[in-house]
Amino acid sequence: MEKLLYGAAYYDEYMPYERLEKDMEMIRAAGMNVIRIAESTWASEEPQNGVFDFTHVERALAAAQKAGISVIVGTPTYAIPPWLAAEHPEILAVTPRGQGKYGPRQNMDITAPAYLFHAERVIRRLMECVQKYPNVIGFQLDNETKHYGTCGKNVQKRFVAWLKERFGTVEKMNEAFGFNYWSNRVDCWENVPDVTGTINGSFAAAFAEFQRSLVDDFLAWQAGIVREYARGDQFITHNFDFEWRGYSFGVQPDVNHKSASRCLTLAGCDIYHPTQDHLTGKEIAFGGAVARSLKRDNYIVLETEAQGHVNWTPYDGQLRLQAFSHIASGACGVMYWHWHSIHNSFETYWKGLLSHDLQPNAPYREACTVGADLARLSPKLAGMKKKNRAAMLVSNEALTALDQFRLPERGVGYNDVVRWLFDALYEMNVGCDILFPTDTADFADYDVLFVPALYTAPRELLERLKEYALGGGTLVATFKTAFSDENLKVYPEVQPAVLAPCFGAVYDEFTKPENVRLKSDVLALPENDREARVWMELLRPEGAKVLAAYDHKFWGKYAAVTENACGEGRAVYIGTMTSPACLKAILRPILEEAGLWGAEQTAKLHIESGVGRSGKNLRFYLNYSGDDAEQTYLHGDGTELIGGGKVKRGETLRLAPWGFAVIEED
Amino acid sequence: MEKLLYGAAYYDEYMPYERLEKDMEMIRAAGMNVIRIAESTWASEEPQNGVFDFTHVERALAAAQKAGISVIVGTPTYAIPPWLAAEHPEILAVTPRGQGKYGPRQNMDITAPAYLFHAERVIRRLMECVQKYPNVIGFQLDNETKHYGTCGKNVQKRFVAWLKERFGTVEKMNEAFGFNYWSNRVDCWENVPDVTGTINGSFAAAFAEFQRSLVDDFLAWQAGIVREYARGDQFITHNFDFEWRGYSFGVQPDVNHKSASRCLTLAGCDIYHPTQDHLTGKEIAFGGAVARSLKRDNYIVLETEAQGHVNWTPYDGQLRLQAFSHIASGACGVMYWHWHSIHNSFETYWKGLLSHDLQPNAPYREACTVGADLARLSPKLAGMKKKNRAAMLVSNEALTALDQFRLPERGVGYNDVVRWLFDALYEMNVGCDILFPTDTADFADYDVLFVPALYTAPRELLERLKEYALGGGTLVATFKTAFSDENLKVYPEVQPAVLAPCFGAVYDEFTKPENVRLKSDVLALPENDREARVWMELLRPEGAKVLAAYDHKFWGKYAAVTENACGEGRAVYIGTMTSPACLKAILRPILEEAGLWGAEQTAKLHIESGVGRSGKNLRFYLNYSGDDAEQTYLHGDGTELIGGGKVKRGETLRLAPWGFAVIEED
Amino acid sequence: MEKLLYGAAYYDEYMPYERLEKDMEMIRAAGMNVIRIAESTWASEEPQNGVFDFTHVERALAAAQKAGISVIVGTPTYAIPPWLAAEHPEILAVTPRGQGKYGPRQNMDITAPAYLFHAERVIRRLMECVQKYPNVIGFQLDNETKHYGTCGKNVQKRFVAWLKERFGTVEKMNEAFGFNYWSNRVDCWENVPDVTGTINGSFAAAFAEFQRSLVDDFLAWQAGIVREYARGDQFITHNFDFEWRGYSFGVQPDVNHKSASRCLTLAGCDIYHPTQDHLTGKEIAFGGAVARSLKRDNYIVLETEAQGHVNWTPYDGQLRLQAFSHIASGACGVMYWHWHSIHNSFETYWKGLLSHDLQPNAPYREACTVGADLARLSPKLAGMKKKNRAAMLVSNEALTALDQFRLPERGVGYNDVVRWLFDALYEMNVGCDILFPTDTADFADYDVLFVPALYTAPRELLERLKEYALGGGTLVATFKTAFSDENLKVYPEVQPAVLAPCFGAVYDEFTKPENVRLKSDVLALPENDREARVWMELLRPEGAKVLAAYDHKFWGKYAAVTENACGEGRAVYIGTMTSPACLKAILRPILEEAGLWGAEQTAKLHIESGVGRSGKNLRFYLNYSGDDAEQTYLHGDGTELIGGGKVKRGETLRLAPWGFAVIEED
């Protein structure tokens, strides 16, 4: 992308009265340069079966063209028209709750032939229609695609075929899944029971993996169609979303982002996050790190909140801070969902940049300043690359596994462990990339590799982790790592399997901590904040140094955190969950030893860095607080790009509430 | 009604042994003069299809006649016999949870032809049977009728016909409901999707309105049948109930009481409320105000608790206080549900006046004193009229709208806003009538009109509210008023729509308050009790005086409560929810200015007033507390009717715990 | 049983690799002498319809035989193979949630002919196979059998037949169930509605009773088959389980243990309980008391936890303490579920004695000491009998009744009342047996009879209780006793029905206490811990002495606890629930007067007693705490069996955390 993109989703279809010219003028006036159109509007594009009407699409394209605004065209397939559901009710996905009803989006079986037939036809017609508009810069396939829990009889049939492919014989499957247990042993492929009733975690996890593969197939299929029409300069992207906890929280359970993104030329995602007093920037950084990892390049934030939810109405300054934080994480564009607030239906209170009165308002006025700044700074910020020395290995399979074999505290799952680590690093200004299990070739690019709760891993992956440490890396793994094989069969050997020699520690017992704290001779743990939480493994050191042990009458003889020299590297094992402060106390000496510790790590502000196209370092000092802040500038002398002044190392930066500075080093 | 009615529901059908003569004697001895019979006993009246047996009904009528007791006969149709469900299972209503099973009451599709056929037959037979009994004073149609969520295919068909009638074309419906959103656009009436799956709040709200119309139709149909048989002196009533939160809380969501009561000659309702330490009289006043509004006349309390729930067992004195509070609100009769406690089934622990041992007990002995007092005072109290200067506009449509677009705090809905206002007025002894949106002609009867959260209103209704203020009234509206049109489409204009000039204030942003308080230069807000709650609109005054603003670092520039001169009148807008104490501080100056403030408003006791048939004022001083109370008598000299003594203005009334005084002014 | 049994469930079928010889050697080395095999492994035994393969069973039998280990063989019927569900989907039970899916255990309709046919065939083949192994000492029928909520159309048909048998005519049923209420009156057997929709508690409770009878029938049927093959020295047992609240809490709602155990020759059960800081021994004592009562003899603990749940990982010493506590309660054997931790599926985290690495670990090492001690002490401890002077009457029917007519506090049911009493007695070291309603002939064996919340009882049973008191017993009943007849029809007479003269107290009103405490002139109630809880009956003494009254402004005139002389005996009525401490203060004088009070009752340790085969008293002093304990030895001089030393009365016993002493009196 030559320049930074800034814009919003735009729905001419939803407007209560004729606004198009007026809106394009307001968009342009705000310094915005792109809109996204057409996704989810199938019923407007094909109001009756086979009757197409792209009036809204073409109107929007023409008006944008006239106003000098680029357009991303979305295929409309993630919401089907009533006539399609009426003609082909089998399209509505059967899930464990039964067959869905028409009404919501994302209610279809993405494998249903009738759906695929009609989806392909409307996509081709749309592509034909938009080909002639030069301002179309790219395409978005569908939207937030997932498998929607589809598990009807047809899906079960395909799943059995997938199992057959994987295992060859029922005997091998029986053994891999431990089907002798509770008489689940299967005698032939025909009698494989409906997976939705199973109590076998291995079987259920295999199905989850199969379901994720349906998303890969679906997006690849759409990409193939779109590619037939797209010009070479037009990108193909998708709007990936994250585990949703009322906001974008963690790794998406239902999609393997890494494999699903293979068919794309530009990674895209949406990031929604708490705001007002709860705005921290963490979701922006985490979502950005995942998106950045998909193509190992810049990515586009296709959706983020302008006003959004009623409890996200932004304070003055927050919209600006958010936009520059996305850029600081490596985004090549930031787009609001959506331009205007909708007057009917489900998302009336998911407000856009404009309120329902469609007049310029406080958020719009702030967006105008963002637009102006981004336009001006695009030559310096566009194409900025991140260079992180730490990475974190995340795994959809481990996430599913911890869904099947839950941590013994309600509501605490895989992503809580991921975010516990990621957030601690964020708070210490340690930039962290994301790796997936298929990224083993990239392990060596990093000095420190964090491995949260990698419950399930084939022996080969564990060997790669071992080699990483032996080769000089610092491997930091948490509880629940290396416990089971790729079929969720617990390794019937000393735990952590394969890696025990690496960590120099073993365990066979574990429990839920109750009134257990950590104690340490070597770490400066926070005195009143060192309880063991959620899970504790009773570690027995076999060569490792004990960084922390349990402080408890009966468990006091066991280690909680160990560190071991391992070939050229080191391996740290964290056997329990802790408070964020306690985790940071554990991580600090590890980071120090790995050479990732400096003044930046204890700064009051959040700091992000990157390297611009010109090769110059870019520093973002972000004040994620409602108070004025002062912070010593810690990097090389340079120019503050927003205000335009010169900044010298050691100088004091003064930032307003939710303010920030962007310094380009000389 | 010539005299006050006092009695209970009586079920000869449920008695464990022959009790009829004995019971009538005990009822008479208690000073009771009416029983209600027959509702819900269809299976006893028609034990087999077409085999009728009115033995229990006739026995009860004859025994009551002999004891000088009047009878209200209920049609038995709200609980169907097993044989009817067995022969016509389609009668069991299909709801969003699927088709109901036989067992509970109120499980039928009130539009099912088989149900209507059999219901009509049993009603006609019953009416023929009871015609000859002179002590039948009136009829109750069905009981607590609602639509029971019926939404099967047949109901959907009728709903589509109703939509067709309302909109004429699908295009108009698409526009009104915003069906372009998420591809919900409909191409023809045949393809209108099953409403139970919808995510479109406009569509869902229309269905709720349609369902309420089914209740209107059903009751009007029953009234037509009953009227064929009823004598001119016999009333036709119905037992309306309220939103149920374990007790009668607020406006009934599933019935439009105003339109449903058109077919009646006497309004009736049941009122259940907390008791013991939680007895406040508020539900008696609120339910009474609604019932009083239906025919703008006296009403009958067809059911209220004697012992009721296990946590409602009354303290000494409470039954008396309750009975006179109903009268003070304008009731012409008070009846317990029910005479005896039932020995089997679902309501074994919803105890009657008698306990399971069927012997005289503490509540019965207290009822005897009530009966004696009411009989003696009937000439003075019967037909008493209320004259209130304040009214509140309530709306089923707004209630449904806030169900679709919920306030962002779990469990807080429309009725919480209604009761927040109503209860504050109750605590300030400001008598308040209820108005419905169709009562626009009556607005002018009141000095102050309260409008809680009127989320949805056609433009015409908003114009009437404007005229009310322009014409000299004091209009007091809360947040969420005038936000959407009658189809729940948000008005795409400045909010509050239509009324913004009237209030002299506008807003386009809102949020959920978090650590936000109110501050005021002109109101005496309670120092430690002035947090903004649930919802806050960021008001920008355009001419209005700011009564209160938000006390918050970032929201402090916005107003929370505004007051504006508007033609001959005034308009107050309350943009957030508050504590009860804070609300009272807001309302006080408004009431003062409107001339509704006096000594009564700060009295420790609850006071109700009315005008007897003779034209004399009646004053009820009610001690809703478990402590002895002293209260200066604030009204005109008169006679205390319970004790019989003379009372002079300024004298001190001394009341026992849960005690009361009734004064007839000279 | 000649000797104490100690062992574990063993599943060769679940092993991840060949372990059999190694495991048998480890089992033997731990001093264990028995394994349980084969239950739940149907799919391994009959991998295809009619193809049998008992390899695992025979391997295990042979290896055990070789190692000198006895075997209990379980019939495999509580988990069906996939092929059976695939061929006969009707086997999957229909419950109120619809038809189950294949996957879990215990998902079948235990009345389904196809299930019974296949179950019988596999049982017969298994019995034929294992006949030749001399080390089979007994058989377990199925496992934790219940009715699994089965309520399909076929079950409903049988239920109606059962009702017909019980009532003869629909008229009698209508009357017994109060079916006139809400028009539920039935006109013929054909129209009895599906019970799953009912709101009639009598009807629902009858169905629960019918469902329990299905379990009786099923086990008796299996016993008949097994008996055809079993040798005379082989026992037939069943693994009963208890109401499950994450552990074995109380009386099993879905099985009448007393009637279901008639077909057995040895009572068996599983007992799971909290551990770590929450280990109290109460569940061991309660489950033991129930199991002991079934055949009025010793019983076997077929399953208990080794490591179990993640929050049950035992502290050092706890496994030993638990094992000896089971013996102290009268168990003839203790078996862990299960030997090894399973590597796949649902119970991966219900760990066995060995962890997943299958190596000797801390629990295994502790089990070795238990095995050695039990082997050595078997001659003294095996066959020990308990002689208790107090008993408690428990009732499945009362439990069901309080499910239908719940106490007004969420989560508090019949078993909470049972355990409230039982646990208080346990804490006071008062040994307590369990009686069922059919055990009226045994009432006279006890000095004190506790009757918790016997909500439903036929008049005859109440008469037997009356006779018990009249004959000299001390009858202690709680609230909710004697309220309804056997059809849950409330007795339409003074309460407590039949027993009111016995208690010398009556009531007709009750409520949920709110800010109500107890006050007493005669009891030393704990000052700050005497609130009335959950339920309070407003007792009016008619001859009884008031032990405690309510401390409350309006309820103060009513009694809470009364005591009455009754013939030769006494009758105490406790009208409300209290804290444990308050209950103990109430019970103490009653126990004193009954002669059940001594030094033991205030000891700090838990003490159990029994009489060995030699006639000598055995005393178990059990330190249920994580602290060292000192306790005066209160019984006759004797020998401490674990350490081997002599102990004299009055001497101080010193026990380690979770330690214990076993003394055989001289």
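Within every chain, numbering begins at 1; the chains are lettered A, B, ... in the order of the sequence lines, protein sequences first and strands thereafter.
- Atom OH of C:Tyr17 and atom CD of A:Glu493 lie 9.0 Å apart (nearest 0.5 Å).
- In this structure, the portion of C:Tyr349 lying under 4.5 Å from any heavy atom of chain A is its side chain and not its backbone.
- Heavy atoms closer than 4.5 Å to chain A are found nowhere in C:Leu84, neither backbone nor side chain.
- Residue contact with chain C, scored on non-hydrogen atoms closer than 4.5 Å, is absent for A:Asn174.
- Chosen from C:His309, C:Glu87, C:His278, the residue pairing most often with chain A at heavy-atom distances under 4.5 Å is C:His278.
- Heavy atoms of C:His56 lying under 4.5 Å from chain A belong exclusively to its side chain.
- The most heavy-atom pairs under 4.5 Å with chain A, out of C:Thr41, C:Leu354, C:Thr348, come from C:Thr348.
- Ranked by heavy-atom pairs shorter than 4.5 Å toward chain A, the options C:Trp83, C:Trp42, C:Tyr102 are led by C:Tyr102.
- Options C:Pro47, C:Pro16, C:Pro82 differ in how many heavy-atom pairs under 4.5 Å they form with chain A, and the most are formed by C:Pro82.
- Atom CD of C:Glu18 has more than 12 neighbouring heavy atoms from other residues, nucleotides or ligands inside a 6.0 Å radius.
- In this structure, A:Tyr491 has its ring center at least 6.0 angstrom away from the ring center of C:His343.
- The candidate from C:Gly100, C:Pro81, C:Ala86, C:Ala362 with the greatest count of non-hydrogen atom pairs under 4.5 Å with chain A is C:Pro81.
- Heavy-atom proximity under 4.5 angstrom to chain C picks out A:Asp508, A:Glu509 from residues 496-509 of chain A.
- Taking 4.5 Å as the limit, some side-chain heavy atom of A:Thr511 sits within range of a side-chain heavy atom of C:Gln276.
- Under the 6.0 Å cut-off for aromatic ring centres, C:Phe346 and A:Phe405 do not qualify, their centroids lying 6.0 Å or more apart.
- No more than 12 heavy atoms of other residues, nucleotides or ligands lie within 6.0 Å of CZ in A:Arg158, so this atom counts as exposed by the packing criterion.
- With values rounded to the nearest 0.5 angstrom, C:Asn344 atom CG is found 7.5 Å from A:Asp485 atom CG.
- Between A:Trp535 and C:Val310 the shortest heavy-atom distance is CZ3-CG1, 3.5 Å.
- Proximity to chain A is limited to the side chain of C:Tyr78, based on heavy atoms less than 4.5 angstrom apart.
- Side-chain rings of C:Tyr315 and A:His552 approach one another, their centers coming within less than 6.0 Å.
- For A:Ser484, no part lies under 4.5 angstrom from a heavy atom of chain C.
- Between chain A and the residues C:Glu45, C:Glu347, C:Gln359, the largest count of heavy-atom pairs under 4.5 Å involves C:Glu347.
- Using a 4.5 Å cut-off between heavy atoms, A:Ala204 does not touch chain C at all.
- With a threshold of 4.5 angstrom between heavy atoms, C:Pro657 approaches chain A through side-chain atoms but not through N, CA, C or O.
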*Worked verdict on C:Asp316 versus A:Lys557 for salt bridge (Lys or Arg N to Asp or Glu O under 4.0 Å)*: CA-CA 12 Å; C:Asp316 287 350; A:Lys557 57 188 165 184; 2.7 Å; yes
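- Of the atoms belonging to A:Lys553, it is side-chain heavy atoms, and not backbone ones, that fall under 4.5 Å from chain C.
- At a 4.5 Å heavy-atom cutoff, the contact between A:Phe483 and chain C is made by side-chain atoms alone.
- Only the side chain of C:Gln307 comes within contact range of chain A, with at least one heavy atom under 4.5 Å from a heavy atom of that chain.
- With a 4.5 Å cut-off on non-hydrogen atoms, C:Asp627 touches chain A through its backbone and its side chain both.
- Residues from residues 178-188 of chain A that place a non-hydrogen atom less than 4.5 Å from a non-hydrogen atom of chain C comprise A:Gly178, A:Asn180, A:Tyr181, A:Trp182, A:Ser183, A:Asn184, A:Arg185, A:Val186, A:Asp187, given in numerical order.
- Note that the OG atom of C:Ser355 and the CZ atom of A:Phe510 stand 6.5 Å from one another [nearest 0.5 Å].
- Remark: side-chain polar atoms of A:Thr198 are not paired, donor with acceptor, to backbone N or O of C:Gly103 under 3.5 angstrom.
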